[in-house]
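Reminder, nothing fancy here: chain letters follow the sequence lines and each chain counts from 1. A quick note: this is a predicted structure, and the numbers were derived from the prediction, not measured.
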Amino acid sequence: MAQLDFQRVERRFPVKRGLLDMVARRDRVYLHAVRGVDLRVSPGDILGIVGESGCGKSTLARIGVGLQQSDGGQVIFDGRPLAGPDPAGRLQMVFQDPYSSLNPRITIGAQLEEVVAHYFPKLPRAKRAARVSEILAEVSLDPETALKFPHALSGGQRQRVSIARALCPAPEILVADEPVSALDASVQAQIINLLKRLNREKGLTIIFISHDMNVVCYLCDRVAVMYLGEIVELQNSQDLFGDPRHPYTRALIAAVPDVRRAQSLAEPITGEIPDPFAVPRGCRFATRCPLAETACQNPQEMLPLGGAGGVRCWKAVPSD
Amino acid sequence: MFLAILKRLLMLVPVLIGITLISFLLLQIMPGDPASRAMGSRASAEDLQAMRELWGLDKPIWVQYFYFLRDCVTGSFGVSIFHKQPIITLVADRLPYTLAIVLYSTVIALVIALPFAILAAANRGRFLDVAIRQIFVVLIALPPFWLCYVLILWLALNLGMFPTGGVGTGFFANLYRLFLPSLVVGLSTAALIQQSLRAALIDAMKADYVDTARAKGLRGYEVFLRHILPNSLISTISIIGVRVSWIIGGTVVVEKIFSVPGLGSLLIDSIVSRDLPVIRGLTVFFAVMVVTVNLIADICYALADPRIRLE
Amino acid sequence: MIPGLNLKALLLASAVALTGLPAAAETLRVAMGFDPLSLDPIATSDNGSIWTQLLIFDTLVRPDKTGEGLEPGLAESWTVSEDGLTLTFNLREAKFSDGTPVTAEDVQFSIERAASEESGWSRFYRPITSFEIVNDRQIVMQLAEPFTPAFNNLALFAAAILPKAQVEEKGDAFFDAPVGAGPFMLKNWARGSRIELVKNPNYWQEGKPYVDDAVLEIVTEPSARVIKLEAGEVDVALDPPLNQLEDLDGKDGISTGQIIPYRADFVQLNTTREPFDDERVRQALNMAIDKDALVQGVLYGAGEPAAAAMPVMAYADPELAPYPYDPAAAKELLAEAGYADGFEAQLLVDSGAATSRNAAITLQAMLQQVGVRVEVQMLEGGTQWETTKSGNYDMSVSYATSDTIDPDQIIGFVGVNPERANAYHTEWKSDRLNELYEEERKTPDGDERGGMFREMVQILHDEAPYIFLYHPASAWAAQDYVKDFEILPTSNFRLEEVKIEK
Amino acid sequence: MSLLSIHDLVAEFDSPSGIARAVDGVSFDAQPGEIFGIVGESGCGKSATCRAILRLFGGAPARIAGGRILLDGVGDLAALHERQLAQVRGRDVAFIFQDPLTALNPTMKIGRQITEVIRRHQTITRAKARAAALQLLRDVHVTSPERRLDSYPHELSGGLRQRVVIAMALALRPRLIIADEPTTALDVTVQDQILRLLKERRDRLGTSIILITHDLGVVSQICDRMAVMYAGRVVETGPVREVLDSPSHPYTQALLAALPGQVGREQALTPIEGAPPSLISPPPGCRFAPRCKLAQPDCVIGPPPPLHARDGVSSGHVDACILNEVAYGPA
Amino acid sequence: MRVLGNLLRTVSGAAGLAMLIMTMAATVLTPFLSPYDPFALDFANAMQPPSAAHWFGTDNFGRDIFTRVMAGAVYDMRLALICVFGPMAIGVLIGLVAGYLGGRIDAALMRLTDIVWAFPFYVLVLAIVGVLGPSETNLYIAFFLVNWIGYARIIRGETLLISRLEFIEATRVLRFGKLRVTLRHILPNAITPALVYSMSDVVLTVQAVAAMSFFGLGVQPPAPEWGLLIVESIDYMRDAPWMTVFPGLAIVWIGIAFALLGEGLSTALKPKG
């Protein structure tokens, strides 16, 4: 089983510079989408990455499958730095939008067969259809689905087709970028169950990107919380939800409405995510943190917690 | 904003150079010797030689281009063989008429398109909408040069309502005399504006902010005048910007038929008399006109829609 | 200034003022198809320019209305010496429109200018080798050798008399606001649109022109000219579509006129190419054309079938008949020449000339009958000229008009090779004709010269380097209240005699 | 006396394939000072119900085809003329939309959008309206409100925009606010802030709020009573804690069961198989029956019973399931 | 086939198609049914008004206008279709290449289209034919030089839009070849707006082709091309308006047919969902 290892991964997007900027020799301005991310994905794990919009989780996912290149640091896959999507298809991805993730003009069967043919060129043409049926069955879809066009399917079915497509090359790691955000709760459960089953039965490693704390809590073994391009906390799921250490993680969990909870709530954090062009120099969460002090104006390092976890807050680790 | 406009102007430089280059190459594709083709009947060998020297045809091609570029930059655009005047002088005499038709036809197009777009949008999917769409389909299908004659035959001749062509002096005389030519250009534009404006209106009617406005208790006409119409018209600005090339091209045909002494007539006459420098100069000038109007449209668009910033 | 004159004017003015009759300016509006290129008489040969120049400038002598003789212009009288080498002109007391008198010096300047290098008409005036100014009002011109057309050529627009001082002072700019001795002055020229003229108060024909202003509207489409006439936007429409003449004449308040000017329409045949190098083929082609049908179908009867590429003008032979329409004979001739199955050829035609276009289409159908398959190629006029000139053609529909009343000009053009145009680019050559041409130019006007012309035309007819088509009429249509408008045989028109009688 | 009382509301939408009854006989009421939640999955008609109250159909070809919408002191909104309804909108009843970005006119400054509603219903000078708008922004905790008044919507963050939309809704102190998924487009920490804002408003001024959401958690967090909708109909309604803690309709039960967090990590979630029915030709009988694990033959035959209480004693917790009717008899 | 079915289900698409088929049928059948030769002169019958014998009347040469208009359909349709679909092929290719290669080639190609786009269509076509001289070949050259621009821009723009969609991102993860992705996944989706545009382009091109003849820069007589029919009729407009009216109506007819077809296609080609 190959391992995926993020090592101080950076990703920044240069802000478009106009002619005048160049004439005035202004420095290039960058938007740091991902900054200094260290993350090791163990085989067979379901790793969750949570955070609010714009925190860099989707960018990280794309770097993880080789869709984007990191500007600093590196991603090690199977012992080698990852330079683009894996030729053997061992790294696959499922996307968020079930409507744009399938080619609307090609039948489901043809789309899947194309992938099978690409990765198993020696497989006789006749057996491809059978293989596609197998894969469809694996994601609990009828074999007839192969004959349909995407528009004939419901959102949940499409998302299953997307997963099926990702399964075609027989991947080891599946990166799922908000795969259930666009789905209704009742359908969402199908996809979550499916992912869980694939992990349990086939040992598929899953990186699950989401903003939904409840889903992540249920599905993931380990969870990384991202804020403004950085991982602020990384722990086992139970530890993270049971004993969140970073003030942001705590605020995030507290803010999630819970069907079982009555109306009283913890004190909310104030403000919104700062403008990504004007991030604080020190702790990035300091502007909203109820515990902020002067010392928070220094850059924060990831402090180790038990296991492979860590937290990026000097106040979070008990001083004992 | 000022800086942004300046930036846009700077960005135009390569486009303008490209325009001159294409116009220059246009004459290079001509078979045969340009001088003899241009001089025609009475050219003696010496005349031809003189012409070649005047045009720099004896020079390498890039030198010729440089000469042409120089002419464009200094503003003369070259000298007409036929009229023996700098092209810019010819253009200056005729530009007002062409601009008048462009403007006038745009106004006519808006006047026609606006009510129909509103009617169609308000009744979308119903009979009236379909009927209006079919009317405009027919409008698009009308060939302009033919329409000119049909209008002359019908409105000018049989009903005597309009003059059959030519221009007058003074604003009101031309408002009257340029009506038919502007109408022909305006009709095809109207079809386009109607279609896009209808779509924009429908989009706006569906927009949440319109429901927000209604939720505030604004009356129907208030919602329409304050929220739906202004926002829909903004998109029309960009449509006109994109279509201006077509509008300006359309003037060529109508000017010729309605004997309007504009740039289009000059172009056709120059083609007929093989006045090559004028053909070349005019193509540059037409393109510059389009680019300029596009720029103005962009600026208006940016002014009207705060979300848009001039790049 | 004579005080009496001023007094008279004053009285006249007050009389008008007292009677309360406003002297409403009468404007004559003429729709014509061409915009002048330039008002410089030596630089142009297009109709628009010629017509306009003739309204602004005047010449020493000019063709009379019949087109058969010359009448006095700025020259009151003249004498030609026995040997034809000395021409003496007595100028009348004429003035340019700005009031300066027309002098012998202006005459010498203008004719010398017309003979100069920069003139497009220099060959017409080079035979005049010297001038002698006797006084302001008398000038003597000398020819080195006899040149009969010289006198006639002085009636041409190119010999318009210009004010020397002003032309020298202003150069080319003079022609943007020219001053002439003609009936009108240029007030405004909107290129491509209209030319506005006002009466020249100093015109030598007292009382003329009758109208105060004249506007020449440039309307290139023939139909549009008629439309404007009917809409009352113009008073005269030149060259209306021939097919509309009859209808127009029937309309209330509109009348039409036509004249067959010095013009002949024909198809140039490239005699350097097969099969047009064969005289029999050329004759056969002439016989394959039903000229009467052509006149009816294309000219709507407004014209005459042509026997040669020469207009019917001075010294014409009334006996010379057009080739008969005889397709059978034509086929025989073709077979004789080895083209029993006909042949294929291209026919050029000016896309801008409706009549030529229609003729080409008709010719195509008629020639089809004798097995000649014609492919029509429409070109704009300039290109057509250039193509025929370079000899890169088979057949080309064209025509020739005479600007002067002497046949010398046009025979030199259509018949003589090389002289002016290699027999109008047919490259056909007849030594006999060339010889006669040389002779005719030295022969004084009279029967002898007439005989030479008749022989030349006969040769042209027989050897048929052209397909002779017809002499089309020049037509005009005018409001009934316009009196005395007509087109002259030289295809020009004058406006000083035109009256508006509403 | 209820503030708003809806009886048998029917709303129809024209679509290319026919007429869809997005709202089919919905009844509920909202009491003064109450936050009433309506939940359901996408396409269940919850949004259409609320839009029907003020007849704000987003330009869609839709109409109210039956029922009454009684607003205390005004009368039946469904019977009002468009002009009369315009008087009610903004003044008595305000509306908050899901996506604050699209709910604001992109080409109009914030200030003008807020004063627009004030000036519509009150004769007031421009300056006074502006001062009022400023106060409104302060009320919804917008920082540096003076600057915001002259901003365009795209210059604000999502949370700020929703605050502006709420400020507009609050401008005339309406008795009822209808909020259509007001936090769906927002991040969870911002959602929390917005929900608090709404609740604070109710607590201070006693404004009634009808809150539409697909998130049962949100309902749980701030609503007093709730209704669960499925395929155009209310299937269950009652006090929030009762409904969420002991759901009586199989759909509500299934919905809750599908949520992660309801079961342990090692247990599988229970999704609802199948898809909601077409609203153009809905099945006869209970509309949830085709997907219902407890469905009986009777479920698909006759129309489902009207809302009734499970225990016969009306605590206001009622549902429309035939099973409960069989077990406990008609209410 | 599926598209055809969808097309027939739209009112405008079915109507447009029916009009086109009627035109084609009439064009094919006229030589067999009409007793008249579109080229033979018959001065005796010149300028007859429309009647049972001559449905559209006769022209100044006595030729039957109906027969000529029908014969002209062949010219105009051929010209227009070649002048639209030829350049379309070029434009699609260039648009794909630009989108496919990206980078500098894309920038250069798009700059070129920007520049050519600045020239008004009529001005450029007139200038090219004017410089080259009037002939059918030169007409083709002019249209091919000008007409591809719109398609290149559309295809390139669509390519960029589609490239951002997740199913294209998926092909990148799957490491499909760029060429295959472009041809199999991008092109079929990008071509739709180009096809719809091409229908309105046909309408304008029929008009432009006729306009070129009108200015004497296109097809040569006696070809019964519609623009030629109109220009030849102008002098007779007063006496024989039918000579002007019917060829014009033919252009309008074809224009409406293609406009309707375009409207239908835009519905029929829309991918569902």
Side-chain angles (χ1 to χ4, degrees), chain B residues 14-19 21-23 26-27 29-32 34 37 130 133-134 136-138 140-147 149-150 152-153 157 188 244-253 256-257 263-264 267-268 270-272 274 276 279-280 282-284 286-291 294, chain E residues 11-12 15-16 111-112 114-134 138 141 145 200 203-204 206-211 213-217 226-227 230-231 233-234 237-238 241 244-245 247-249 251-260 262-263:
Chain B
V15 174
L16 292 175
I17 290 178
I19 285 170
L21 190 61
I22 287 183
S23 302
L26 194 64
L27 258 67
I29 61 171
M30 188 181 64
R37 287 187 66 117
V130 176
R133 188 159 71 232
Q134 296 324 314
F136 281 92
V137 163
V138 174
I140 291 177
L142 291 173
F145 65 97
W146 179 75
L147 184 61
Y149 282 106
V150 172
I152 288 177
L153 195 66
L157 241 79
S188 62
V244 75
S245 159
W246 185 256
I247 299 175
I248 290 177
T251 61
V252 175
V253 176
K256 187 64 195 158
I257 296 174
L263 294 179
L267 179 70
I268 301 275
S270 309
I271 287 172
V272 169
R274 307 203 65 78
L276 299 175
I279 300 178
R280 186 167 69 181
L282 277 182
T283 50
V284 172
F286 270 112
V288 169
M289 237 161 92
V290 171
V291 169
N294 273 329
Chain E
V11 177
S12 34
R111 202 22 78 79
L112 177 68
D114 277 352
I115 291 166
V116 181
W117 195 248
F119 291 94
F121 172 80
Y122 268 102
V123 171
L124 204 51
V125 172
L126 276 169
I128 294 173
V129 183
V131 167
L132 289 177
N138 292 342
I141 292 176
L145 282 175
S200 62
V203 180
L204 298 178
V206 168
Q207 293 176 7
V209 163
S213 307
F214 181 80
F215 288 123
L217 294 174
W226 293 335
I230 293 174
V231 65
S233 77
I234 293 306
M237 193 168 75
R238 307 302 309 285
T244 312
V245 168
L249 286 181
I251 299 177
V252 176
W253 169 268
I254 282 294
I256 294 175
F258 275 99
L260 289 176
E263 219 176 89

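Per-residue counts of heavy-atom pairs under 4.5 Å with chain B were compared for E:Ala210, E:Pro241, E:Ala208, E:Gly255; the largest is that of E:Ala210. Each of B:Val291, B:Ile247, B:Leu142 has some count of heavy-atom pairs under 4.5 Å with chain E, and the biggest count is that of B:Leu142. In terms of heavy-atom pairs under 4.5 angstrom with chain B, the leader among E:Leu204, E:Asn138, E:Leu124 is E:Leu204. Options E:Phe258, E:Phe215, E:Trp253, E:Trp117 differ in how many heavy-atom pairs under 4.5 Å they form with chain B, and the most are formed by E:Phe215. Per-residue heavy-atom pair counts under 4.5 Å with chain E were compared for B:Val138, B:Ile248, B:Val130, and the maximum is reached by B:Val138. Taking chain B as the reference chain and counting heavy-atom pairs below 4.5 Å, the highest number among E:Val245, E:Val125, E:Asp114, E:Leu145 is found for E:Val245.
For E:Ile256, the parts lying near chain B are the backbone and the side chain together; criterion is any non-hydrogen pair under 4.5 Å. E:Phe121 touches chain B through backbone and side chain together, each having a heavy atom under 4.5 Å away. For E:Val252, the parts lying under 4.5 angstrom from a heavy atom of chain B are both the backbone and the side chain. Interface residue B:Ile140: backbone and side-chain heavy atoms are both found under 4.5 Å from chain E. In this structure, chain B has heavy atoms under 4.5 Å from both the backbone and the side chain of E:Phe119. Contacts between B:Ile19 and chain E at a heavy-atom distance below 4.5 Å involve backbone atoms as well as side-chain atoms. Heavy-atom distances place no part of E:Ile141 under 4.5 Å from chain B, backbone and side chain included. In this structure, the portion of B:Ile268 lying under 4.5 Å from any heavy atom of chain E is its side chain and not its backbone. E:Ile254 does not touch chain B: none of its heavy atoms, backbone or side chain, sits under 4.5 Å away.
Side-chain contact between E:Tyr122 and B:Leu267: absent, with no pair of heavy atoms (C-beta onward) separated by less than 4.5 Å. Residues B:Ile271 and E:Leu217 meet the side-chain proximity criterion, which asks for heavy atoms closer than 4.5 Å.
Of all the heavy atoms in E:Pro120 and B:Val290, the pair that sits closest is CG-CG2, 3.8 Å. The minimum heavy-atom distance between B:Ile279 and E:Ala127, with the atom names listed, is CG2-CB, 3.9 Å.
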Working for side-chain contact (heavy atoms from CB on, under 4.5 Å), residues E:Val123 and B:Val252:
CA-CA 7 Å; E:Val123 171; B:Val252 175; 3.8 Å; yes
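Formation of a donor-acceptor pair under 3.5 Å by the E:Gln207 side chain with backbone atoms of B:Phe145 is not found in this model. In this structure a side-chain-to-backbone donor-acceptor pair under 3.5 Å is present from B:Trp146 to E:Thr244.
Going from atom CG of E:Leu112 over to atom CG of B:Leu21 covers 10.0 Å, rounded to the nearest 0.5 Å.
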